[in-house]
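This is a predicted model, so every value here is computed, not measured. Residue numbering restarts at 1 for every chain, and letters A, B, ... go by the order of the sequence lines.
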There are 2 protein chains.
Amino acid sequence: MSGRAVTITEVARHAGVAVSTVSYVLSGKRAISADTRRRVLDSVRTLGYHPNAGARALASRRANVIALVLPLRVGMHVPVLMQFATSVVTAARQYDHDVLLLTADEGPDGIRRAAASALVDGLVLMDVELHDTRVPLLRDLAEPSVLIGFPADTAGLTCVDLDFARAGALCVEHLAQHGHREVALLGAPAVVYERGTGFASRTWEGFTEAAAAHGLTGVALPCEETFEQVAAAVGELLDARPGLTALVVHNEAAVNHVLGALRQHGRRVPQDIEVVAICPDDIAERSSPALTSVLIPAEEVGRQAVRLLMDKLEGRTVPEGTLLRPRLTVRDSTAASGR
Amino acid sequence: MSGRAVTITEVARHAGVAVSTVSYVLSGKRAISADTRRRVLDSVRTLGYHPNAGARALASRRANVIALVLPLRVGMHVPVLMQFATSVVTAARQYDHDVLLLTADEGPDGIRRAAASALVDGLVLMDVELHDTRVPLLRDLAEPSVLIGFPADTAGLTCVDLDFARAGALCVEHLAQHGHREVALLGAPAVVYERGTGFASRTWEGFTEAAAAHGLTGVALPCEETFEQVAAAVGELLDARPGLTALVVHNEAAVNHVLGALRQHGRRVPQDIEVVAICPDDIAERSSPALTSVLIPAEEVGRQAVRLLMDKLEGRTVPEGTLLRPRLTVRDSTAASGR
DNA sequence: CCCCATTGTCGAAGCGCTTCGACGCTCTCA
DNA sequence: TGAGAGCGTCGAAGCGCTTCGACAATGGGG
């Protein structure tokens, strides 16, 4: 039971210097002689001093905390969100910031409250919709923010994301190289498209355009997430398009159901049909066969988001949009090179 | 762009009262006449006042923030963690607290830092191991804490969790009622047991003891999470135990692979073999067939953890261990009533 | 050799809030 | 009718930190 906490005053007394000197040693905002610095740091260590966060925030007008706003909605793949979240926390710590977790139940009010009370210095928002209700709020907030994902109108905002259009195209190109002439995209559940979730639509568009550009027949379909529905959809698709030889799956929750359904319909992967997924690596590796995939670089997205936010906090100007280049990893599900 | 934030002084001036009066209206810690209260609240509303969190924390020695410590380790099922996390946030908000997210990369130092700097008033820890390195730290921290999960020695701690032993037993009892004589448990990956994760072991024990108590032959096995490994394990199990007619699966990531493997081995569920899972409802419902399951009541666990923490913050004494009763939901995978 | 710039340190003034003690009222009851 | 008990409000003293201006002490250039 550590009694009352050690204050900067006690450190100053112990080191035989003024309180302000201790503060300057710790912040490095003024030159301090090597000797004094050493004495102060020794005292800090022996007393086990930790600056009081509230006092620091009050005096410096900086909380050293950023908010991570993650609404949890239907159709989002949770593990990916979690990867974003942890990478945001890790990156924030590297800038000596902590992360406050805000969820959807409070709605925009929660954001406003956290910002207005100076609880946080800035915000990172995840799972952004094309027409997100939080966006107008962000625009008239004094605190800077960064969005993971792109809304329809990015004017005045800062957004980061994987270049999903490119990702969709990349899958098509890979399949085109393998000689396929007819390909299909199994995407997110219909509700996700209806809601206007940017990354789903952009993948769809990237897929469609690339298919056209490479002279392939490409069909894109939403894809639900129960085994039954997936199996039915896959069955219909195989019946309707006998020439179909390759599949792009952009739905983490359904990807294993798709493989199960193909198995059930007697199609071997990759011999009868090749499959490319857009999903985290662990899912791709854990599937059977292991899936050629474009991964969501969650760790990098989170890191970039924090970096951009820190830049804004320092008053630097940052680009409105930052798109990360997708990379495709070839695994067993498209192992047959050429056909 | 809201300029500088509104302070309590401005509210006081606007309402024509003293600063302390505004404070008392807002905290309710002293009686205030109905008239004054109304005037103050009006001013608060028209000026859009939000108390400065840092100043409040400094003066009241209460940050109104709790830490949520979630190490992310191999073998943990992420969506469940996320459910815990959101329910903790929601519950905390109901007590007017916010949630600071702490992850593993800083290790115990992160916990110590957040506590010592008065960033947080208390802690909720998730994913607790039997011999968790964070536990000794918690014992000599001035700040109260609550663990989600039980370490080996709970003395001086406060722990909440689903009663996993009971959950394991419940599955066995359900299967016993259905007339099964030989049952198996497919559990977590081996590494989880080796690490000494309490809930996995306790389910295992509950399963084993209940099987013995009901005179069933019960075998328990770890279960990896790639389709290949699961399929192999299931195959061996079916070969080794021809009399096996029921399965308990306690592994969210593997549960669909298990169903896939049974399908592959020509076993129909529930006609040839019945399956009970311990997993979130959404997974159980999304499987084919829908699985009879004992769900992890993540929402309730999170809520209880916060409630206990708030009780401790108020100085109330709370029980060392709180075990939540599991409930079994019957679905299609054990629909055949009796055999 | 003197002046001025630089370096290192200090003291004090807040930052915006909570909380304590004080004080003037208005009632109540003897 | 006067003492005592609330009730409602105020002023002021911090909470622990950052930061600004001041000021010795030192050193370099004219």
Side-chain angles (χ1 to χ4, degrees), chain A residues 2-41 43-44 47-65 96 113 115-119 121 142, chain B residues 2-41 43-44 47-65 96 113 115-119 121 142:
Chain A
S2 36
R4 227 194 60 275
V6 181
T7 72
I8 199 173
T9 311
E10 299 169 47
V11 174
R13 181 164 30 243
H14 186 272
V17 299
V19 163
S20 47
T21 303
V22 176
S23 177
Y24 286 126
V25 167
L26 262 23
S27 71
K29 293 197 177 169
R30 280 201 186 177
I32 296 286
S33 69
D35 179 55
T36 306
R37 142 172 286 104
R38 200 183 29 67
R39 278 217 319 291
V40 169
L41 292 179
S43 299
V44 164
L47 298 183
Y49 169 68
H50 288 269
N52 179 294
R56 195 208 273 274
L58 181 55
S60 66
R61 322 184 129 278
R62 287 291 245 91
N64 273 243
V65 175
D96 194 33
R113 181 181 56 81
S117 66
L119 239 186
D121 304 320
Chain B
S2 36
R4 226 195 58 278
V6 181
T7 71
I8 198 174
T9 310
E10 299 169 46
V11 174
R13 182 168 25 246
H14 186 272
V17 298
V19 162
S20 47
T21 302
V22 175
S23 177
Y24 287 126
V25 166
L26 262 23
S27 71
K29 293 196 179 172
R30 281 201 186 177
I32 296 286
S33 69
D35 179 54
T36 306
R37 142 172 286 104
R38 199 182 31 65
R39 277 217 319 292
V40 169
L41 292 179
S43 300
V44 165
L47 298 182
Y49 169 67
H50 287 269
N52 179 293
R56 193 207 275 274
L58 181 56
S60 67
R61 321 184 131 278
R62 289 288 249 91
N64 273 245
V65 175
D96 195 31
R113 182 181 56 81
S117 66
L119 239 186
D121 304 320

Chemist: Of all residues at least two apart in sequence or in a different chain, which pass the side-chain hydrogen bond (donor to acceptor under 3.5 Å, both in side chains) check with B:Arg113?
Modeler: A:Asp98, B:Glu106
Chemist: Listed by chain and number, what are the side-chain hydrogen bond (donor to acceptor under 3.5 Å, both in side chains) partners of B:Thr36, not counting sequence neighbours?
Modeler: B:Ser33
Chemist: Evaluate side chain to side chain contact (heavy atoms under 4.5 Å, CB included) for A:Val65 paired with A:Leu119, printing each intermediate quantity in order.
Modeler: CA-CA 7 Å; A:Val65 175; A:Leu119 239 186; 5.9 Å; no
Chemist: Using a cut-off of strictly less than 4.0 Å, decide whether B:Thr36 has a side-chain nitrogen or oxygen near OP1 or OP2 of D:dG8.
Modeler: no
Chemist: Sugar-phosphate atoms are those with a prime plus P, OP1 and OP2; base atoms are the rest. Using that split, label each nucleotide of nucleotides 14-21 of chain D B, S or - for protein heavy atoms under 4.0 Å, 5' to 3'.
Modeler: BBBBBBBB
Chemist: Restricting to side-chain hydrogen bond (donor to acceptor under 3.5 Å, both in side chains), what partner residues turn up for A:Asp96, sequence neighbours left out?
Modeler: none
Chemist: Side-chain donor-acceptor pairs under 3.5 Å in residues 48-58 of chain A, sequence neighbours left out?
Modeler:
| from | atom 1 | to | atom 2 | distance (Å) |
| --- | --- | --- | --- | --- |
| A:Asn52 | OD1 | A:Gly54 | N | 2.9 |
| A:Asn52 | OD1 | A:Ala55 | N | 2.8 |

Chemist: Can you check the A:Arg39 CZ to C:dT9 C1' distance for me, whole Å?
Modeler: 11 Å
Chemist: Roughly what angle, to 10°, lies between the helix axis at the start of the helix from C:dC1-D:dG30 to C:dA30-D:dT1 and the one at its end, five pairs per end?
Modeler: 40°
Chemist: Nearest 0.5 Å, what's the CG-OG distance between B:Asp121 and B:Ser60?
Modeler: 8.0 Å
Chemist: Taking the side chain as everything from C-beta on, heavy atoms only, tell me whether A:Val25 gets closer than 4.5 Å to A:Val44.
Modeler: no
Chemist: Just so I know, are the side chains of B:Val11 and B:Val6 near enough to count as touching, which here means a heavy-atom distance under 4.5 Å?
Modeler: yes
